[in-house]
Number of protein chains: 2
Amino acid sequence: MTRRPGIDEVARLAGVSKSTVSRVLNGAPHVSARARDAVRRAVIQLDYTPNQAARSLAGHRANAIALVVSEPSGRVLADPFFAGVMRGVHAELTGHRTQLVLMMSQPGDVGSYLTGGHVDGALVISLHGHDPLLSLLHDNGLPVVAGGRPLAGGPVPYVDSDNFTGAMDATEHLISLGSKRIATIAGPTDMAVGLDRLSGWRRAMSGRRTDLVAYGDFTPEGGASAMTTLLTRDPELDAVFVAADIMALGALQVLHAHGRRVPDDVAVVGFDDSVPAVPPLTTVRQDVERFGRMLTWRLLAEIEGDEGLPPSVLLPTSLVVRTSA
Amino acid sequence: MTRRPGIDEVARLAGVSKSTVSRVLNGAPHVSARARDAVRRAVIQLDYTPNQAARSLAGHRANAIALVVSEPSGRVLADPFFAGVMRGVHAELTGHRTQLVLMMSQPGDVGSYLTGGHVDGALVISLHGHDPLLSLLHDNGLPVVAGGRPLAGGPVPYVDSDNFTGAMDATEHLISLGSKRIATIAGPTDMAVGLDRLSGWRRAMSGRRTDLVAYGDFTPEGGASAMTTLLTRDPELDAVFVAADIMALGALQVLHAHGRRVPDDVAVVGFDDSVPAVPPLTTVRQDVERFGRMLTWRLLAEIEGDEGLPPSVLLPTSLVVRTSA
DNA sequence: AAAACTTCTGGGAGCGCTCCCAGAATCCGC
DNA sequence: GCGGATTCTGGGAGCGCTCCCAGAAGTTTT
């Protein structure tokens, strides 16, 4: 490993001072074209890369943001939703010389690291219940944006999909198909995404029986056991709104095992448009990559201290009709 | 944002010198119990967190490793395989005060950042063809471990699943079931994982016709179009070994659309044991979390400069028989 | 009891940048 | 043409740590 050149070697080669090299590197004003070119050439010739550590130390900036997955189990990592968000985050980050540091938070352990100035801001997703992480970070002055509305409320801006409307649309579609006994497999009740999709279902179901509710945890297994419960409670049910495609996968397996044909016997609508299934799922699409980009854009703006930002953003969803309903 | 306490404030409060505080923080020897306790108390009282930037700068250590996803498309992020690996990586990292920096590499852009001393080592996964990234990093003296055997060979240690044997087992299972016309949907030919699984199929098929091969790119869509091709080439085929569950999902959709029952008309075996499907897939299981842990352990050992390490590791696979074959 | 270690401790020189300040060069208006 | 504003440039003081060195304190050996 050959020693890396430092900024003064670049300065020497370019025939200018460290200060000028620094200015060029950071795109600061007040640099003559001649100096700029000389520095650029020297940088290339030496294959110079600035040392991030020194930069952070001197510049009081970490040049990194954290993506905090507030879920000990790591369940969310396996979720296609998360993968899409991450792609979006990454897309928005390119060109910003900002690194992405991934953290999985076991409640209580991550706070001091984050507020310790190691990152310039944090994206927190998959937040459960009244996790104090968000307010902890916010109170410490760290720019934070939540992915998904935080149940606890509070001053932290968030980006979310319009889960309520999406769920309502999905359920209305089921109703328009003539389904009579419409059940739902809802998400966890300690997350807004679970609650909101359930509310959407309830809203669309007003005037009908709304007792066919079972809960899953956004895993295929959870969807499967919820489906089993529902089938026991009402063997005659003829439709299910499943609050996540990933749970629908499990539900479909159970339905199949119980000899129900989809959509003939039981119509199924999912949410997310994230997985291919047999039969292809009618589902509510959300643009997860856009979600990730929005999240990141919002955080970077927060870090820059931009004014007049929307406190929070709600992204639209759309129903995609395929064969499962 | 209140100013963070520095190491000298801790030193003052504990009544010792900066040097001693530093020793305690880094678990260095030659510190009296009295001094150690005093420092520990001061750290807690001040809620002190060391500044990583300063630490890296002074210590010539970044305290971070990179997980490089060598795939511009970001396809791999949506793969459950990747999610599992990441969980493993994270699990192995806890307790190592080492951060995980995620990078997606567009060929050529990542090298200089990585060799620039911003990370202590790199995990490179989803490597295609003869991507020079690996040798670039290695030649620059950066500890690297590849996830999946690099096609280009070379001196870089890797961790891989025993794809060859797994594929062979899967195919032999199909043969033992009495299938006569066994096709395969193989992975990309510019990745060892694609090649090795294909070789396993070929090996098991020796003595039979091996022309029923179509290629996919480890996406459901790729699996679907490969299945369509195969069905056109031989409408009578009665079994398929699909080199990834995620592709099997697409293949299943196509089989269903073409009126083929699984497993009655066409038996299907997948690889990865990563997705629930209808019908439940017979597949080759690999322990992806273990894969990630192994990868990380190997890299950390490499960074520590441990001697006598196995150059590479091959993890076993096992056939899980369910209903699709 | 002195010599020779060993354990512990503090001082202080960097690590490679950024950014403030002050000075040099260049520009402008009247 | 000359003062004043403006653009450019270099010097150098940190940023908050680690780690080397040398000295103090304590232990063992001869």
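Letters go in sequence order (proteins before strands), and every chain restarts at 1.
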side-chain contact (heavy atoms from CB on, under 4.5 Å) with Thr98(A): of Leu299(A), Val119(A), Ile65(A), only one passes, and it is Ile65(A)
Find the distance Arg12(A):CZ to dG16(C):C1' and express it as a whole number of Å. 13 Å
Nucleic acid contacts - residues 28-37 of chain A versus DNA chain C, non-hydrogen atoms under 4.0 Å: none
How far does NE2 of His96(A) sit from OG1 of Thr94(A), to the nearest 0.5 angstrom? 8.0 Å
Tell me: CG of Asn63(A) to P of dC17(C), nearest whole Å? 13 Å
So, OP1 or OP2 of dC15(D): does either fall under 4.0 Å of a side-chain N or O from Arg55(B)? no
Here the distance between atom C1' of dT9(D) and atom NZ of Lys18(A), to the nearest Å, is 14 Å
Under 4.0 Å, heavy atoms only, any strand: does Thr20(A) hit a base, just the sugar-phosphate, or nothing? sugar-phosphate
Expressed in angstrom and rounded to an integer, what is the separation of Arg61(A) atom CZ from dC17(C) atom P? 14 Å
Does OP1 or OP2 of dT18(C) have a side-chain N or O of Asn26(A) closer than 4.0 Å? yes
May I ask you to verify if any side-chain N or O of Ser19(B) is less than 4.0 angstrom from the OP1 or OP2 atom of dG10(C)? no
To the nearest 0.5 Å, what is the distance between CZ on Arg293(B) and CG on Leu93(B)? 13.0 Å
Do Met86(B) and Leu102(A) have side chains that approach each other closer than 4.5 Å (heavy atoms only, starting at C-beta)? yes
Under 3.5 Å, which N/O atoms of the protein pair with N/O atoms of nucleotides 21-24 of chain D?
none

Closest-nucleotide 5' rank along DNA chain C - winner of Ser17(B) and His60(B): Ser17(B)
To the nearest Å, give me how far apart CG (Leu46(B)) and C1' (dG16(D)) are. 15 Å
At what distance, to the nearest 0.5 angstrom, does CG of Asp120(A) lie from CG of Leu114(A)? 11.5 Å
Can you find a heavy atom in the side chain of Ile125(B) that is under 4.5 Å from one in the side chain of Leu295(B)? yes
Does Asp160(A) reach the side chain of Ser312(A), with side-chain heavy atoms less than 4.5 Å apart? no
Does any part of the side chain of Arg4(A), heavy atoms only, come nearer than 4.5 Å to the side chain of Asn140(B), both counted from C-beta? yes
Rounded to whole angstroms, how far apart are CD on Gln52(B) and C1' on dC15(C)? 15 Å
In the structure I gave you, are the side-chain heavy atoms of Val159(A) and Trp297(A) within less than 4.5 Å of one another anywhere? no
Using side-chain heavy atoms (C-beta onward) and a distance below 4.5 Å, is Tyr48(B) in contact with Glu9(B)? no
Inter-end axis angle, the helix from dA1(C)-dT30(D) to dC30(C)-dG1(D), with every axis fitted to five base pairs (rounded, 10 degrees): 30°
Leu137(A) versus Val124(A): any side-chain heavy-atom pair under 4.5 Å? yes
Which is true for Asp8(B) with a 4.0 Å heavy-atom rule: it touches a base, it touches only sugar-phosphate, or it touches nothing? nothing
In whole angstrom, give the distance that lies between atom CD1 of Ile7(B) and atom C1' of dC15(D). 14 Å
4.5 Å side-chain heavy-atom contact, Leu133(B) and Val144(B): no
Just the rounded figure in Å: distance from C1' of dT18(C) to CG of Leu57(B). 12 Å
